[in-house]
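Letters A, B, ... are given to chains in the order of the sequence lines, protein chains preceding strands, and every chain is numbered from 1.
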Amino acid sequence: MNSTQGGDPFATHLLQWFDVSGRHDLPWQHPRTPYRVWLSEIMLQQTQVRVVVPYFERFVAALPDVGTLAAAPLDDVLALWSGLGYYARARNLHAAAQLCAQRHGGELPRDFDALLALPGIGRSTAGAILSQAWGERVPILDGNVKRVLCRMHGVEGWPGLPAIEKRLWAIAEAHVHGVPADRMADYTQAQMDFGATLCTRHDPACMLCALQHDCVALREGRVEELPTPKPGKPLPERHALALLLHDAQGRVLLQRRPPTGIWAALWSLPEHTDHDQARAWYSGHIGDGYDSAEALDPIAHGFTHYRLTLQPLEWRGAALGASVRDDDGLRWVARDELRSLGIPAPIRSLLERRLP
DNA sequence: AATTCGGGGCA
DNA sequence: TGCCCAGAATT
């Protein structure tokens with residue numbers, strides 16, 4: 001008859017893991033007062049434990065309780081925060097302490113909505129304070145918990161999406177009901193320790209995991225895929241015109257690309273950003289007839305930093321004007337010569353389709 | 001819903 | 001470099 005009887009497997013196994021492998025010596029755990037839990041939670045927003053520990057110790061040594069924080073000049077608070085980043089956290093912390101002095105008798109309120117009304121405290125931080133400081137049955141949902149729940153339950157989609165986050169809160173809420181009443185503080189700490197030290201973003205220790213039989217991602221071999229990564233910003237798109245000119249002998253006009261940049265020094269088709277430029281180039285090098293071009297199917301090509309769409313325009317029976325024959329960057333190329341030249345793959349593919 | 005805040009660790 | 005981390009406030 002152990003203390004976790006009746007809980008769901010997630011809470012039960014997580015607490016068993018925590019008792020053996022969790023972190024029990026973090027400075028805000030001794031003593032675990034509401035003020036120290038609050039301060040640690042604010043400092044730990046978007047900031048790793050290793051970075052926070054020395055700041056926390058300096059801060060509580062200088063400002064050991066809500067009253068001294070509220071009475072301290074903001075400059076002192078910011079000085080203690082200096083180097084941690086996200087200085088709005090420090091300003092909010094200071095303002096919240098003063099609100100506590102006004103509204104709550106100089107202490108942090110033991111009430112979810114009252115906590116949420118304080119600047120710098122959102123739903124997850126309020127849950128962390130109530131559960132860790134008072135043992136109340138309130139869930140949290142930070143980056144660690146999101147990662148763990150996405151894997152355990154096979155939740156797809158970037159956890160930052162509102163719809164996904166809503167699902168994760170519902171799951172977190174459900175799990176909380178399976179936690180033994182006297183273990184909520186440990187449960188909250190256990191989730192964060194578990195995500196930070198075992199169920200890590202990269203190379204999670206699934207072989208050592210106390211929850212490996214509860215994990216959808218492990219069962220389906222999708223641990224590395226979940227949680228779904230944040231979608232990268234859509235790559236910038238660039239468009240260009242590629243001029244495909246055949247002469248009377250069936251050769252094609254290639255141009256050596258500049259020595260730097262994309263496809264540096266390779267042989268490719270003469271390329272222009274718009275019709276005005278292309279028309280001007282055509283007039284100078286070929287002559288009349290720009291508008292007789294046939295527009296071929298566009299070529300899409302992805303690079304690491306942008307997507308390029310090339311619109312090929314094709315002419316047959318073209319000839320270079322006499323005045324540009326010395327242009328070193330231009331060259332008529334027969335089909336047999338193509339394989340001996342450095343040509344970008346999508347251009348080579350196009351040429352092979354158009355040079356039968 | 002997207003943006004902003006911003007310091008350090010790490011691939 | 002770009003991405004990630006015990007998120008919340010702002011627009």
Side-chain angles (χ1 to χ4, degrees), chain A residues 14 18 22-29 32 34 36-56 58-59 78-96 99 112-113 115-133 138-151 157-166 168-169 172 184-204 224 226-236 303-306:
Chain A
L14 187 63
F18 175 76
R23 291 181 288 197
H24 302 270
D25 54 355
L26 296 169
W28 42 90
Q29 295 174 319
R32 191 155 61 185
R36 292 165 64 93
V37 169
W38 173 38
L39 176 61
S40 72
E41 288 300 325
I42 302 301
M43 285 187 165
L44 286 161
Q45 289 170 2
Q46 304 297 102
T47 310
Q48 293 164 351
V49 169
R50 275 197 305 277
V51 179
V52 162
V53 166
Y55 284 88
F56 177 87
R58 276 203 305 272
F59 200 102
L78 290 172
L80 289 163
W81 208 270
S82 180
L84 256 188
Y86 285 96
Y87 296 94
R89 295 183 295 173
R91 288 191 290 273
N92 286 335
L93 187 78
H94 187 236
L99 286 171
F112 186 84
D113 292 326
L115 285 171
L116 209 56
L118 295 172
I121 298 180
R123 181 174 178 184
S124 187
T125 299
I129 293 169
L130 287 176
S131 61
Q132 297 208 82
V138 188
I140 63 167
L141 189 66
D142 59 22
N144 285 316
V145 178
K146 286 177 179 175
R147 181 170 56 254
V148 171
L149 294 183
C150 281
R151 286 180 176 155
W158 178 51
L161 288 172
I164 306 299
E165 193 168 315
K166 189 176 174 185
L168 294 173
W169 271 115
M184 270 308 302
D186 287 343
Y187 174 75
T188 292
Q189 185 65 45
Q191 290 177 92
M192 298 190 286
D193 289 356
F194 184 77
T197 69
L198 194 149
C199 195
T200 51
R201 185 68 187 92
H202 298 288
D203 297 323
E224 286 297 334
L226 297 175
T228 304
K230 177 178 180 172
K233 296 167 197 163
L235 295 177
F303 296 99
T304 51
H305 47 305
Y306 65 90

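A/W38 has its CH2 atom 14 Å from the P atom of C/dA8, to the nearest Å. Distance, A/Q45 CD to C/dC4 C1': 16 Å, rounded to whole Å. Atom P of nucleotide C/dC4 and atom CH2 of A/W158 are separated by 9 Å, given to the nearest angstrom. In this entry the distance linking CD1 of A/I164 with P of C/dG7 reads 18 Å, nearest Å. Between the P atom of C/dA8 and the NE2 atom of A/H94 lies a distance of 21 Å, rounded to the nearest Å. Counting to the nearest Å, the P atom of B/dA2 and the CG atom of A/L161 are 8 Å from each other. As rounded to whole Å, 13 Å separates atom P of C/dA6 from atom CZ of A/R89. Atom CG of A/L115 is separated from atom P of C/dG7 by 18 Å (rounded to the nearest Å).
Mapping A/N92 and A/R201 onto DNA chain C by nearest heavy atom places A/R201 closer to the 5' end of the strand.
Of the residues in residues 140-150 of chain A, not one comes within less than 4.0 Å of DNA chain B through any heavy atom. Of the residues in residues 119-129 of chain A, A/P119, A/G120, A/I121, A/G122, A/R123, A/S124, A/T125 come within less than 4.0 Å of DNA chain C through at least one heavy atom, sorted by number.
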Table please: side-chain donor-acceptor pairs of residues 47-54 of chain A below 3.5 Å, with sequence neighbours left out.
from: A/T47; atom 1: OG1; to: A/Q45; atom 2: O; distance (Å): 3.1
from: A/T47; atom 1: OG1; to: A/R89; atom 2: NH1; distance (Å): 3.1
from: A/T47; atom 1: OG1; to: A/R89; atom 2: NH2; distance (Å): 3.4

Please tabulate, one pair per line, all N/O donor-acceptor pairs under 3.5 Å involving side-chain atoms of residues 36-43 of chain A, not counting sequence neighbours.
from: A/R36; atom 1: NE; to: A/P31; atom 2: O; distance (Å): 2.8
from: A/R36; atom 1: NH2; to: A/P27; atom 2: O; distance (Å): 2.5
from: A/R36; atom 1: NH2; to: A/H30; atom 2: O; distance (Å): 3.0
from: A/S40; atom 1: OG; to: A/R36; atom 2: O; distance (Å): 3.4
from: A/S40; atom 1: OG; to: A/V37; atom 2: O; distance (Å): 2.7
from: A/E41; atom 1: OE2; to: A/Q132; atom 2: NE2; distance (Å): 3.1

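A/F194 meets the ring pair (Phe, Tyr, Trp, His ring centres under 6.0 Å) test with A/W17; sequence neighbours excluded. Applying the side-chain hydrogen bond (donor to acceptor under 3.5 Å, both in side chains) test to A/Q46 and every residue at least two apart in sequence or in another chain returns nothing. For A/F59, there are no ring pair (Phe, Tyr, Trp, His ring centres under 6.0 Å) partners, not counting sequence neighbours. Residues forming a salt bridge (Lys or Arg N to Asp or Glu O under 4.0 Å) with A/R23 (at least two apart in sequence, or on another chain): A/D193. For A/R147, the side-chain hydrogen bond (donor to acceptor under 3.5 Å, both in side chains) criterion is met by A/N144, not counting sequence neighbours. Applying the side-chain hydrogen bond (donor to acceptor under 3.5 Å, both in side chains) test to A/T188 and every residue at least two apart in sequence or in another chain returns A/S131. In this view, A/F18 and A/H24 satisfy the ring pair (Phe, Tyr, Trp, His ring centres under 6.0 Å) rule, not counting sequence neighbours.
C/dA8 and B/dG8 have their P atoms separated by 22 Å, given to the nearest Å. Across the P atoms, C/dA6 and B/dT3 are found 23 Å apart, a figure rounded to whole Å.
Counting non-hydrogen atoms under 4.0 angstrom, A/Q132 reaches nothing in the nucleic acid. Using a 4.0 Å heavy-atom distance criterion, A/W81 is classed as making no nucleic acid contact.
Residues A/F112 and A/G127 share a closest heavy-atom pair of CE1-N, 4.2 Å. Here the closest non-hydrogen pair linking A/C199 and A/R151 is SG-NH1, 3.3 Å. In plain terms, the two heavy atoms of A/T228 and A/P159 that are nearest each other are O-CD, 3.5 Å.
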Inset, instruction - Go along nucleotides 3-11 of chain B 5' to 3' and tag each nucleotide: B for a protein heavy atom under 4.0 Å from its base, S when only backbone or sugar atoms are that close, - otherwise. - result: --BBBSSS-
